[in-house]
Amino acid sequence: MLEQEMAQLGRGDASFESIMVCGRDCVVHEMQFGPRYAAHLVIDPTWCMFFTPFTWRGDFVFNGREVRRNELMISCGSDGYATVGQERHTLAIGLRRARLQAACESLSGSVHATPCDLDHRLTLASPMGRAVRATALEILRGSAERILPNGRYALPEAAEAELITAMALLLMEQNVWTTFRDPGTVNPMAVVRRAKRMIDARNPQPATLADLCAASGVGKAWLHKCFVEVHGTSPMNYLRAQRLTFARQRLLDTVDPPRSVKDVSLSLGFANGGRFAAAYAAIYGETPTATLARNLARLA
């Protein structure tokens with residue numbers, strides 16, 4: 001993973017559960033989120049990411065497109081992938097691109113090119129789709145006995161080879177060279193990512209809408225359209241939600257807890273402490289002072 005960020009868009013406790021099983025050329029990651037979140041991840045270009053949600057509440061959006069049940073999304077693009085959803089239980093499978101391509105060529109007897117800079121949508125309702133899901137779930141169920149020092153779990157070579165083979169057969173079963181969307185003249189993911197680089201560069205000072213337009217190379221209308229498509233909200237609402245999410249993480253830090261709420265709010269560009277506290281409470285149901293006090297009491 002090269003980049004990863006999340007912003008909580010809905011009210012509620014920031015619950016998150018995760019199991020990650022890692023092999024040399026394959027990673028299986030099961031995740032469960034509580035409130036409505038927007039997430040953006042950019043993976044190493046030598047890997048492909050396959051992603052599917054098991055359950056969710058309301059709508060679930062992947063790279064600006066609503067996801068239906070039994071769909072498997074592929075992301076190999078340089079701008080990564082973005083998801084928006086609530087109460088979601090998801091599965092992600094990362095495969096090293098060269099290993100996957102070699103499996104496709106070995107099984108088909110011909111040269112294949114793995115997807116590059118395009119997003120695809122496959123069905124898991126097919127025979128090979130069901131085989132991929134069953135293999136991944138079997139890996140997760142058997143992971144507890146193979147714990148690694150970093151809290152993750154080891155993926156045996158035999159299980160890794162079985163999953164890669166199943167995925168290669170699924171790609172050959174379905175046409176991955178036909179994209180499920182036409183990106184048009186404006187690539188929303190690229191626009192959003194350029195805007196986020198400006199946000200990071202300006203931290204802790206908040207970026208203005210004019211700053212984001214200048215950085216992304218589009219006008220206000222296109223910037224708004226791209227953020228709504230990718231993250232389900234306007235650019236300024238996303239920026240505010242992201243800063244509140246960072247504030248929550250800082251206030252709950254158990255390694256280096258902050259000295260005060262004021263230190264946190266100022267470090268994230270909130271000049272008005274009262275407005276920060278009100279916006280924070282509207283999302284998390286408690287004041288930032290209460291969050292910090294509870295964290296410090298737990299560490300005492």
Side-chain angles (χ1 to χ4, degrees), residues 1-4 16-33 39-56 60 62-63 65 67-77 80-83 85 88-104 106-107 112 114-144 146 148 150-174 176 180:
M1 195 71 63
L2 299 182
E3 299 177 26
Q4 179 177 342
F16 174 70
E17 296 180 11
S18 170
I19 299 176
M20 183 176 290
V21 187
C22 304
R24 187 184 66 178
D25 301 311
C26 179
V27 175
V28 180
H29 192 191
E30 182 182 17
M31 297 159 283
Q32 295 190 58
F33 295 85
H40 182 196
L41 299 92
V42 180
I43 64 172
D44 187 301
T46 62
W47 288 68
C48 291
M49 180 65 71
F50 299 83
F51 183 93
T52 185
F54 292 135
T55 60
W56 65 94
F60 190 96
F62 181 92
N63 281 1
R65 301 282 292 190
V67 176
R68 296 178 294 272
R69 297 195 182 278
N70 289 322
E71 285 189 330
L72 179 71
M73 279 63 67
I74 311 175
S75 180
C76 299
Y81 68 93
T83 60
R88 46 181 167 157
H89 178 196
T90 62
L91 173 69
I93 301 172
L95 299 180
R96 197 179 299 275
R97 189 190 296 260
R99 178 78 180 274
L100 179 60
Q101 181 171 339
C104 289
S106 175
L107 291 168
H112 286 271
T114 54
C116 181
D117 294 324
L118 295 174
D119 291 316
H120 304 270
R121 178 176 298 206
L122 307 177
T123 176
L124 290 176
S126 70
M128 287 316 307
R130 290 192 292 270
V132 166
R133 175 152 43 191
T135 303
L137 291 177
E138 183 63 30
I139 287 171
L140 291 168
R141 282 195 293 266
S143 64
R146 303 181 297 274
L148 297 173
N150 58 7
R152 299 176 180 180
Y153 300 91
L155 176 57
E157 291 186 11
E160 180 178 58
E162 181 180 358
L163 182 57
I164 292 173
T165 298
M167 190 65 74
L169 289 171
L170 175 63
L171 294 179
M172 290 189 293
E173 177 188 69
Q174 303 178 38
V176 301
F180 72 85

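The chain is numbered in sequence order, starting from 1. What you are looking at is a predicted structure, and each value in this text was computed from that prediction instead of being measured.
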(request) Walk me through it: do Leu72 and Met167 pass the test side chain to side chain contact (heavy atoms under 4.5 Å, CB included)? (result) CA-CA 11 Å; Leu72 179 71; Met167 190 65 74; 4.1 Å; yes
(message) Run the side chain to side chain contact (heavy atoms under 4.5 Å, CB included) test on Leu122 and Leu170 for me, step by step, so that the C-alpha distance in whole Å, both residues' side-chain angles and the decisive distance to 0.1 Å come before the verdict.
(response) CA-CA 9 Å; Leu122 307 177; Leu170 175 63; 4.1 Å; yes
(request) Show the numbers, then the answer: is there a side chain to side chain contact (heavy atoms under 4.5 Å, CB included) between Arg69 and Trp56? (result) CA-CA 10 Å; Arg69 297 195 182 278; Trp56 65 94; 3.7 Å; yes
Give the table of side-chain donor-acceptor pairs shorter than 3.5 Å for residues 45-54, with sequence neighbours excluded, one pair per line with atom names and distance.
from  : atom 1 : to    : atom 2 : distance (Å)
Thr46 : OG1    : Asp44 : OD1    : 2.6
Thr52 : OG1    : Glu71 : O      : 2.7

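Here the CG-CD1 distance, from Leu155 to Ile139, works out to 5.0 Å after rounding to the nearest 0.5 Å. Atoms CZ and OG1, from Arg130 and Thr123 in turn, are 9.0 Å apart once rounded to the nearest 0.5 Å. Between atom OG of residue Ser18 and atom NE2 of residue His29 there is a gap of 2.5 Å, rounded to the nearest 0.5 Å. How far CE of Met73 is from OG1 of Thr83: 9.5 Å, rounded to the nearest 0.5 Å. Thr135 contributes atom OG1, which lies 11.0 Å from atom CG of Leu140 (distance to the nearest 0.5 angstrom). In this structure, Leu171 CG and Ile74 CD1 are separated by 5.5 Å, a value rounded to the nearest 0.5 Å.
Contact detail for Ile164 and Leu100: the closest heavy-atom pair is O-CD1, 4.2 Å. His40 and Tyr81 make their closest contact through CD2-O, 3.3 Å (heavy atoms, listed as atom of the first residue, atom of the second, distance). In plain terms, the two heavy atoms of Met128 and Ala166 that are nearest each other are CE-O, 3.7 Å. In plain terms, the two heavy atoms of Ala39 and Arg88 that are nearest each other are CB-NH2, 4.1 Å. Among all heavy-atom pairs drawn from Cys26 and Leu163, the shortest one is SG-CD2, 3.5 Å. Across all their heavy atoms, Ala136 and Ile93 have their closest contact at CB-CD1, 3.9 Å.
Applying the salt bridge (Lys or Arg N to Asp or Glu O under 4.0 Å) test to every pair with at least one member in residues 155-164, sequence neighbours left out, gives these pairs: Arg99-Glu160.
Residues satisfying the side-chain contact (heavy atoms from CB on, under 4.5 Å) criterion with Thr55, sequence neighbours excluded, are His89.
Proximity of a side-chain donor or acceptor of Asn63 to a complementary backbone N or O of Ala82 within less than 3.5 Å is detected.
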